[in-house]
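Excluded from the calculations below are hydrogen atoms, water molecules and symmetry mates; all remaining heavy atoms, backbone and side chain alike, are included. Reminder, nothing fancy here: chain letters follow the sequence lines and each chain counts from 1. Bear in mind that the values here come from a model prediction, so they are computed numbers and not experimental data.
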There are 2 protein chains.
Amino acid sequence: MDATNRRSTCSTFTNMETINDILKRNDLSVTDSRKKILELFLKQNGALNHGVIEKSIGDDMDRVTIYRTLQVFVDKGIIHTIPTNDNSIRYALCKDHCEAGHHHDNHVHFVCDSCHITTCLDHVTIPEVVLPEGFKPKHAEMVVSGICKECE
Amino acid sequence: MDATNRRSTCSTFTNMETINDILKRNDLSVTDSRKKILELFLKQNGALNHGVIEKSIGDDMDRVTIYRTLQVFVDKGIIHTIPTNDNSIRYALCKDHCEAGHHHDNHVHFVCDSCHITTCLDHVTIPEVVLPEGFKPKHAEMVVSGICKECE
DNA sequence: GTAACTGCAAAATATTTGCATCCTT
DNA sequence: AAGGATGCAAATATTTTGCAGTTAC
């Protein structure tokens with residue numbers, strides 16, 4: 001429902017070879033739907049939610065297929081969910097060792113108040129915090145909002 | 001849909017006087033619905049989502065009223081939303097100067113993997129992070145998950 | 001050829017809106 | 001008494017499920 005879109009920061013491995021590789025590496029059969037959605041994530045480094053994906057892909061694909069494909073990708077650790085304040089799940093590519101299963105997406109996400117684009121700040125690591133006695137941390141998420149590089 | 005429930009940490013101002021005060025301070029008329037929902041938040045320090053509130057209150061109140069009441073509370077700065085990975089908005093009381101309008105909810109939230117209760121770690125402040133050139137931070141959210149004090 | 005994937009239909013769930021009625025001030 | 005708040009009905013949006021047809025390997 002909002003413009004959660006593109007931001008190119010990193011690698012430029014948007015070729016079919018890599019897409020196929022990623023799918024095969026995760027024991028997934030290579031289908032058009034999966035290739036298209038994965039390509040979207042590779043092209044638009046940053047976060048996407050269901051609505052944006054649906055808009056980008058258009059009527060070529062059933063809405064249900066998008067739901068199921070995203071679920072499969074999350075299960076395989078190809079993408080991960082980013083916490084949001086509104087109730088729209090945002091997904092982003094897992095970097096690093098993520099394909100292995102458990103992902104190491106311990107980087108900060110930035111949401112721009114102006115353009116609403118979510119950017120993965122791959123090189124900003126989430127700092128450790130000291131919790132009260134008795135709390136055992138396993139995972140942390142951090143979302144910073146403000147004005148991004150492009151909108152300043 | 002999940003058990004996002006109670007956790008008492010702080011103040012014990014769960015008396016009707018305070019509830020009325022909060023509503024009046026925010027130019028809201030004092031109604032049963034608002035008193036009940038606000039009481040819930042005061043009693044159960046921690047986060048609540050729509051489903052939990054609906055369950056706690058039962059059939060005394062229309063579902064629509066809960067939606068509208070929560071929206072009003074957010075607008076007035078009485079409660080704020082907590083980012084989540086699933087698509088359920090969680091709400092928590094604003095502490096400190098929050099009633100003023102802009103809230104200072106710069107504390108860490110903890111979600112227990114075992115009991116699914118969200119706790120406001122009021123005394124754990126979100127650390128500052130250094131962002132890449134050009135990013136202007138305005139606000140930060142941090143959610144840590146793991147095992148909480150009660151479940152360890 | 002077989003298992004897995006997809007599209008379609010439909011169910012289940014969640015959220016929003018309009019309006020008449022009731023309650024707070 | 002007047003304006004806002006609530007309940008009800010219904011519209012809209014979102015997500016899930018079942019099943020039959022199709023595709024990847």
Side-chain angles (χ1 to χ4, degrees), chain A residues 1-4 16-17 19-40 47-76 78-79 81-82 84-91, chain B residues 1-4 16-17 19-40 47-76 78-79 81-82 84-91:
Chain A
M1 195 124 287
D2 59 3
T4 308
M16 201 53 70
E17 203 50 47
I19 290 177
N20 290 2
D21 285 353
I22 293 176
L23 291 174
K24 284 176 185 163
R25 201 181 315 150
N26 286 283
D27 303 313
L28 294 175
S29 45
V30 179
T31 67
D32 283 348
S33 313
R34 287 170 180 171
K35 280 193 288 188
K36 268 185 195 160
I37 292 183
L38 193 46
E39 192 182 5
L40 260 188
L48 302 168
N49 64 21
H50 184 99
V52 173
I53 295 171
E54 206 175 324
K55 231 172 290 165
S56 307
I57 292 190
D59 297 331
D60 291 350
M61 200 182 303
D62 196 277
R63 191 186 292 102
V64 177
T65 302
I66 299 178
Y67 279 111
R68 290 196 267 226
T69 303
L70 289 173
Q71 191 52 58
V72 168
F73 284 0
V74 169
D75 290 346
K76 290 292 185 178
I78 299 173
I79 60 178
T81 59
I82 299 176
T84 58
N85 271 315
D86 52 62
N87 51 354
S88 80
I89 305 183
R90 272 200 281 262
Y91 302 89
Chain B
M1 194 124 289
D2 58 2
T4 308
M16 201 53 71
E17 204 49 49
I19 291 177
N20 290 3
D21 284 353
I22 295 177
L23 291 174
K24 284 176 185 163
R25 199 182 316 151
N26 287 282
D27 303 312
L28 295 175
S29 44
V30 180
T31 67
D32 284 348
S33 313
R34 287 170 181 169
K35 280 193 286 189
K36 269 185 195 160
I37 292 183
L38 193 46
E39 192 182 4
L40 260 187
L48 303 168
N49 64 21
H50 184 98
V52 173
I53 294 171
E54 206 174 324
K55 229 172 292 164
S56 308
I57 292 190
D59 297 331
D60 290 351
M61 199 183 302
D62 195 277
R63 192 186 291 104
V64 176
T65 302
I66 299 178
Y67 280 112
R68 290 196 268 225
T69 303
L70 288 173
Q71 190 53 58
V72 167
F73 284 0
V74 169
D75 290 345
K76 290 292 186 179
I78 298 173
I79 60 178
T81 60
I82 298 176
T84 58
N85 271 314
D86 53 60
N87 51 354
S88 80
I89 305 184
R90 273 200 280 262
Y91 303 87

Task: No-H, no-angle donor-acceptor pair, R63(A) side chain to dG7(C) base, under 3.5 Å - done: no

Task: Listed nucleotide nearest any side-chain atom of S29(A), set dT6(D), dT6(C), dA4(C) - done: dA4(C)

TODO: Apply the side chain to side chain contact (heavy atoms under 4.5 Å, CB included) test between R34(A) and each candidate in N20(A), V72(A), I22(A); give the one that qualifies.
DONE: V72(A)

TODO: Ignoring the backbone of D62(B), work out which of dC8(D), dT6(C), dC8(C) is nearest its side chain.
DONE: dC8(D)

TODO: Would you classify V72(B) as touching base, sugar-phosphate or nothing, given that sugar-phosphate means primed atoms plus P, OP1 and OP2, and contacts are heavy atoms under 4.0 Å?
DONE: nothing

Open item on the list: Which heavy atom of L23(A) sits nearest to which heavy atom of K35(A), and what is that distance?
Closed with: CD1-CG, 4.1 Å

- [ ] Taking the side chain as every heavy atom from C-beta outward, state whether K36(B) and T69(B) have any pair of such atoms under 4.5 Å apart.
- [x] no

Open item on the list: Base, sugar-phosphate or nothing for R68(B)? Non-hydrogen atoms, less than 4.0 Å.
Closed with: base

Open item on the list: Of the options dG18(C), dG7(C), dC25(D), whose atoms approach the side-chain atoms of M61(A) most closely?
Closed with: dG7(C)

- [ ] Output the distance between atom CG (D32(A)) and atom CE (M61(A)), rounded to the nearest 0.5 Å.
- [x] 8.0 Å

Task: Selected nucleotide, minimal atom distance to R34(B) side chain, candidates dT6(D), dT6(C), dC5(C) - done: dT6(D)

- [ ] Just compare dT24(C), dT6(C), dT14(D) and give me whichever is closest to any side-chain atom of Y67(A).
- [x] dT14(D)

- [ ] Would you kindly give the NZ-to-C1' distance between K35(A) and dT23(D), to the nearest whole Å?
- [x] 12 Å

TODO: Nearest whole angstrom, please: distance from the C1' of dC5(C) to the CZ of F73(A).
DONE: 12 Å

Task: Euclidean distance, atom CG of residue D32(B) to atom P of dT25(C) [Å, nearest integer] - done: 11 Å

Open item on the list: Taking any heavy-atom pair under 4.0 Å as a contact, classify D60(B): base, sugar-phosphate, or nothing.
Closed with: sugar-phosphate

